[in-house]
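Quick note: residue numbers are just sequence positions, from 1.
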Amino acid sequence: MEIGGRKVLMSAVLFVPEGDSLTFTCPIDDSDNLNVRMEFSEGAIEQGPRELTTPGPRFLVEYEGYGENCDIDCVILKFINFDNRFGQSLVGHISVAISENNQQILFFASVQMLGKVSRIEFQFMLGDSVM
């Protein structure tokens with residue numbers, strides 16, 4: 001399967017209860033895999049003595065690594081305040097890692113909040129080669 005000439009590595013729709021994270025391995029090719037953890041959280045910020053506000057949605061990419069070369073052991077994708085019941089999407093594909101063949105690994109997602117459950121639709125694709 002391809003989108004815009006890019007190979008789709010994985011595509012899924014999953015439901016994640018409040019407080020849980022999602023962990024899985026995305027196959028890149030026969031000898032390369034990407035370990036992924038997705039986390040969902042909400043956070044209000046104190047504005048004054050009795051006033052709390054909730055900032056807009058934020059998406060963060062973090063890494064757990066190992067070894068002298070700082071090889072990636074796990075990509076951590078954090079969805080903060082993605083709490084809209086109609087859903088919120090990333091603006092476009094985001095490069096989250098580089099494959100062993102020096103190709104970008106791209107990520108795209110949409111998150112919908114259904115009560116205390118996050119419904120996430122996501123895909124990983126192979127992007128262009130990196131020099």
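- Between the side chain of Asp32 and the main chain of Glu100, a donor-acceptor pair closer than 3.5 Å is present.
- Residues Ile120 and Ile76 do not share a hydrophobic cluster, defined by chaining ILVMFWY side chains whose heavy atoms lie under 4.5 Å apart.
- Nearest approach of Gln112 to Phe86, heavy atoms of both residues: CG-C, 4.2 Å.
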Tyr63 and Asp73: side chain to side chain contact (heavy atoms under 4.5 Å, CB included), yes or no, with the steps?
-> CA-CA 7 Å; Tyr63 302 94; Asp73 185 45; over 6 Å; no

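- Following chains of ILVMFWY side-chain contacts shorter than 4.5 Å, one can reach Met38 starting from Val16, so the two form part of one hydrophobic cluster.
- Put simply, Ile3 and Phe108 are part of two different groups of oily side chains (I, L, V, M, F, W, Y) that touch within less than 4.5 Å, one to the next.
- Ring geometry for Phe122 versus Phe24: interplanar angle under 30°, hence parallel rather than tilted (30 to 60°).
- Closest of all the heavy-atom pairs between Ser99 and Ile28 is CB-CG2, 3.8 Å.
- In plain terms, the two heavy atoms of Pro57 and Gln88 that are nearest each other are CG-NE2, 3.2 Å.
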Could you check Leu77 against Arg37 for side chain to side chain contact (heavy atoms under 4.5 Å, CB included), going step by step and ending with a plain yes or no?
-> CA-CA 6 Å; Leu77 306 173; Arg37 182 170 71 235; over 6 Å; no

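- Of the N and O atoms on the side chains of Asn35 and Thr25, at least one donor lies less than 3.5 Å from an acceptor on the other residue.
- Under the 4.5 Å side-chain heavy-atom criterion for Ile, Leu, Val, Met, Phe, Trp and Tyr, Leu14 and Met125 are members of distinct hydrophobic clusters.
- A donor-acceptor contact shorter than 3.5 Å is absent between the side chain of Asn101 and the backbone of Gln103.
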Apply the test side chain to side chain contact (heavy atoms under 4.5 Å, CB included) to residues Lys78 and Phe59: give CA-CA distance (whole Å), side-chain angles for both, the deciding distance (0.1 Å), then the verdict.
-> CA-CA 6 Å; Lys78 294 185 175 187; Phe59 175 73; over 6 Å; no

Derivation of the side chain to side chain contact (heavy atoms under 4.5 Å, CB included) call for Val8 and Phe124 | CA-CA 6 Å; Val8 176; Phe124 285 91; over 6 Å; no

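- For Phe40 and Phe82, the gap between ring centers reaches or exceeds 6.0 Å.
- Cluster membership check: Met10 shares its hydrophobic cluster with Leu22, using side-chain heavy-atom separations under 4.5 Å among Ile, Leu, Val, Met, Phe, Trp and Tyr.
- Summarising the geometry of Leu9 relative to Cys26, their closest heavy-atom pair is CB-SG, 4.0 Å, with the distance given to 0.1 Å.
- Under 3.5 Å, the side chains of Gln104 and His93 contain no donor-acceptor pair of N or O atoms.
- Considering every non-hydrogen atom in both Val75 and Val96, the closest pair reads CG2-O, 4.1 Å.
- Ala97 approaches Ile72 most closely through the heavy-atom pair CB-CD1, 4.3 Å.
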